[in-house]
Amino acid sequence: MSGPNDPTKPAESGAEEAVENRDFIREIVAADVESGKHGGRVHTRFPPEPNGYLHIGHSKAILIAWGIAQEFGGKFNLRFDDTNPEKEETEFVEGIQRDVKWLGADWDDRLFHASDYFDTFYEWAQVLIREGKAYVCSLTEEEVREYRGTVTEAGRPSPDRDRPAEESIDLMERMKNGEFEEGKYTVRAKIDMGHANMKMRDPLLYRIKHMAHHRTGDTWHIYPMYDYAHGQGDAIEGITHSTCSLEFQVNRPLYDWFIENLPVPHVPHQYEFARLNLTHTVMSKRKLRLLVEDDHVTGWDDPRMPTLVAMRRRGYTAEAIREFCDRIGVAKADSTVEFSLLEWAVREHLNRVAPRVMAVLRPLKVVITNYPEGQTEMVECINNPEDDEAGTREVPFGRELWIERDDFREEAPRKFFRLKPGSEVRLKHAYYITCDEVIKNDSGEVVELRCSYDPESRGGSTPDGRKVRGTLHWVSCDHAVEAEVRLYDHLFASPFPEKDGDFLDNLNPTSLEVITHAKLEPMLGGLEPGTQVQFMRNGYFCVDTVDSKPGTPVYNRTATLKDSWAKAQKKG
RNA sequence: UGGGGCGUCGUCAAGUGGUAAGACACAAGGUUUUGGUCCUUGCAUUCGCAGGUUCGAAUCCUGCCGCCCCAGCCA
């Protein structure tokens, strides 16, 4: 059946690999696999420090590491770089695992911790000391800084640089056991105090910290520094390609120095890529923490935050984030991606999967004067025009309806296709109506519209085939479910909140607008938290997972729909 | 001005000496029972700048300019 002439099969010409663009890291990995380096094995890892929640920038790092493992038939580890008990909490290690899993990166049974290797790190430090490549230093924190020199001046050797190995071994043992106060001693590598790379000027291996660790308890009174733990962790796990962001480029010589000077079981290599920056937000953990701690947002999961918990709550899908990360690429040039690309990615996904439903955010009452009082009928609505499988549902229609306030203009501009006095529009899936009368209150506000409908137009078209330009969504007053709807916008008004001055000054004062009495079609009162829908003509929304309760639903706006009408209006 | 990186469309980003991919954004048109989606079209004579090599340079050489990272007992 499926021979060479089968039209359903793509042609097997030599032109298949023509368009494949690989980033520079994948290029290297492919070459390594080709040459049989590491036995053709590919093994990556994501090494977060559990001191905060993951943000969209981390998803780039996760997806690069995991994606490479996937594509080359390799493995992917999740390893917590928990070398500093001061800042680390169990809350974060759990949150991080949830987020990585949600993104779709699967570490299988390979969940590790730098703290799993504390014993080995300690033994290896003894090796360095015995070989004259490390020593216990008694310089104070301030002295260490002084002795290090500056970027333009060489440093000076510590007076303890030539401390006998046995003495260092003994002191390190006693540091470990908690015999000295914090700051009294450090363990340092003996490399080169005049090195042009500051990281190579006798970097610290260990510092004393009398602090319980979330996994090792109070076994240790010394903890390894990042540089002394990171590469060795990679080596122990057999990581072949160790990916990280650009700021660690200067650490690479040190990474390699440890690997070369220690009896490691494997030689990993580090490759650096530019971290993700996004307009209208901040990505640094310090700043995100400040937003949380100073109550500029309601928490790490506030839907305006760029954290994965927050974005998930906002209604972003993992698929959208993966698509986004595919689109931004991997390179070494510092860059800031426009938020619009992220929005495009969610819309792209939700357009395919989100059921279309009707919700009126800012209600205006419409009474259909020639529709029988007390009558209700069910109209059939298409759930998703992009998905034939999605089917239809029945929505109640009656004499009194809510429509969107914006969909009526008493004095309409040119090309306003919605409702205005004397004009006819279509109520989606229901009937054509014409506005006959505008009712106002004492202060002149429009409070109600009196309209008449054409019984012939049921379903949204008429036998005479006449055209109407406008199609409005609506909700039956008698059946409406009231809901709180949260309209989210950029957290920061400026595309570059860190550009000048205090980033907090650039907070967007209208990043959240709460609508308390939105009118929803009945089924929207009973959806599971987290469910994503499209409020027709309004945007993509989801049921809030924290505050939504049966009977009092809360919806979050994930993203607006593109609005060329609003755009045209703005231009005037 | 010690070292390490990076400069290609508004934003990302391919390109690896043979005459500037793609995506988002933007613009114009078409279809449409969402002013959504979809479709069509347009959008870098030029690759930070200046010289040079070459028949030919974004790609090679030289020199400038600009931006980022490194002087935590953070990661």
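First the proteins, then the strands, lettered A, B, ... as listed; each starts at 1. If you're wondering where the values come from, they're calculated on a predicted model, not measured in any experiment.
Within the nucleic acid shown, Glu153(A) has no heavy atom closer than 4.0 Å to any nucleic acid atom. Across all strands, Leu139(A) comes closer than 4.0 Å to base atoms (heavy-atom distances). Heavy atoms of Phe248(A) sit under 4.0 angstrom from at least one base atom. As judged by a 4.0 angstrom heavy-atom cut-off over every strand, Thr471(A) is placed among residues touching the sugar-phosphate backbone only. Among the heavy atoms of the strands lying under 4.0 Å from Val337(A) are primed sugar atoms or P, OP1, OP2 only; no base atom is included. Residue-level contact check: Arg469(A) touches neither bases nor backbone, having no heavy atom under 4.0 Å from any strand. Contact annotation for Lys199(A): base contact, defined as any heavy-atom pair under 4.0 Å involving a base atom. Among the atoms of the strands shown, none is found under 4.0 Å from any heavy atom of Val468(A). Contacts of Asn251(A) with the nucleic acid, taken as non-hydrogen atoms under 4.0 Å apart, include base atoms.
U16(B) sits 24 Å from C68(B) when the C1' atoms are compared, rounded to a whole Å. If you take atom P in C38(B) and the same atom in A25(B), they sit 10 Å apart, rounded to whole Å. Rounded to whole Å, the separation between the P atoms of G48(B) and A14(B) comes to 15 Å. The separation of U46(B) from A50(B), taken at their P atoms, amounts to 11 Å, rounded to a whole angstrom. Between the P atoms of A20(B) and U59(B), the separation comes to 14 Å (whole Å). When the C1' atom is compared between G5(B) and G22(B), the two are found 26 Å apart, to the nearest whole Å. Comparing the C1' positions of A23(B) and U19(B) gives an interatomic distance of 24 Å, to the nearest angstrom. Rounded to whole Å, the P atom of A58(B) lies 13 Å from the corresponding atom of U45(B).
Nucleotides of RNA chain B nearest to Pro48(A) and Gly329(A) differ in position, and the one nearer the 5' end is that of Gly329(A). Where Phe24(A) and Arg148(A) each meet RNA chain B at their nearest nucleotide, the meeting point lying more 5' is that of Phe24(A).
A distance below 6.0 Å separates the ring centres of Phe535(A) and Phe541(A). Aromatic ring centres of His221(A) and Phe180(A): separated by at least 6.0 Å. Checked against a 6.0 Å centroid threshold, the rings of Phe248(A) and Tyr226(A) count as neighbours.
Considering only the side chain of Ser564(A), G35(B) comes nearest among G35(B), C70(B), G15(B). For Phe417(A), whose side chain is taken as the heavy atoms from C-beta onward, the closest listed nucleotide among G5(B), C24(B), G35(B) is G35(B). Side-chain proximity of Pro385(A) to the nucleotides G2(B), A13(B), U34(B) is greatest for U34(B). Of the candidates A25(B), G72(B), C69(B), the closest approach to any side-chain atom of Arg145(A) belongs to G72(B). The side chain of Met536(A) approaches U34(B) more closely than any other nucleotide in the set A13(B), U34(B), G35(B). The side chain of Ala333(A) lies closest to G7(B), out of A75(B), G7(B), G4(B). Ranking A25(B), C74(B), C12(B) by closeness to the Ile328(A) side chain, first place goes to C12(B). Closest to the Asn84(A) side chain, of the nucleotides C70(B), A75(B), U34(B), is A75(B). Among the nucleotides A13(B), G5(B), A71(B), the one closest to the side chain of Gln249(A) is G5(B). Candidate nucleotides G4(B), G35(B), A75(B) were compared by shortest atom distance to the side chain of Glu49(A), and A75(B) ranks first.
A salt bridge is absent between Glu182(A) and Arg207(A); no separation between the charged side-chain nitrogens and carboxylate oxygens falls under 4.0 Å. Glu348(A) and Arg327(A) are not joined by a salt bridge, as no carboxylate oxygen comes within less than 4.0 angstrom of a charged side-chain nitrogen.
For the OP1/OP2 pair of C74(B) and a distance below 4.0 Å, the side-chain nitrogens and oxygens of Arg286(A) include no atom meeting the criterion. OP1 or OP2 of C74(B) sits under 4.0 Å from a side-chain N or O of Arg207(A). Taking side-chain N and O atoms only, Lys562(A) has a distance below 4.0 Å to OP1 or OP2 of U37(B). Contact check, Lys209(A) against C74(B): a side-chain N or O comes under 4.0 Å of OP1 or OP2. Contact check, Lys567(A) against A27(B): a side-chain N or O comes under 4.0 Å of OP1 or OP2. Not one side-chain nitrogen or oxygen of Ser335(A) sits closer than 4.0 Å to the OP1 or OP2 atom of U11(B). Not one side-chain nitrogen or oxygen of Thr279(A) sits closer than 4.0 Å to the OP1 or OP2 atom of U11(B). Remark: Arg418(A) is not in phosphate contact with G35(B), judged by side-chain N or O atoms under 4.0 Å from OP1 or OP2. A sub-4.0 Å separation between OP1 or OP2 of C69(B) and a side-chain N or O of Arg252(A) is absent.
In this structure, U59(B) forms no base pair with any nucleotide, since neither Watson-Crick nor G-U wobble geometry is met with both distances under 3.5 Å. With a cut-off of 3.5 Å on both Watson-Crick or G-U wobble distances, the partner of C73(B) is given as none. The pairing partner recorded for G42(B) is C26(B), the criterion being a Watson-Crick or G-U wobble arrangement whose two distances lie under 3.5 angstrom. In a base pair of the Watson-Crick type (N1 to N3 plus N6-O4 or O6-N4) or a G-U wobble (N1-O2 and O6-N3), with each distance short of 3.5 Å, C6(B) is matched with G66(B).
Here the closest heavy-atom approach between residue Arg347(A) and residue Thr560(A) is recorded as NE-O, 2.7 Å.
With hydrogens and angles ignored, a donor-acceptor pair under 3.5 angstrom links the side chain of Glu338(A) to the base of G10(B).
Although no hydrogens or angles enter the test, the distance criterion places no donor-acceptor pair under 3.5 Å between the side chain of Tyr185(A) and the main chain of Arg174(A).
Checked against Glu404(A) for a side chain to side chain contact (heavy atoms under 4.5 Å, CB included), the options Asn538(A), Leu364(A), Leu472(A) give a single hit: Asn538(A).
Heavy atoms from other residues, nucleotides or ligands lying under 6.0 Å from CD1 of Ile28(A) number more than 12.
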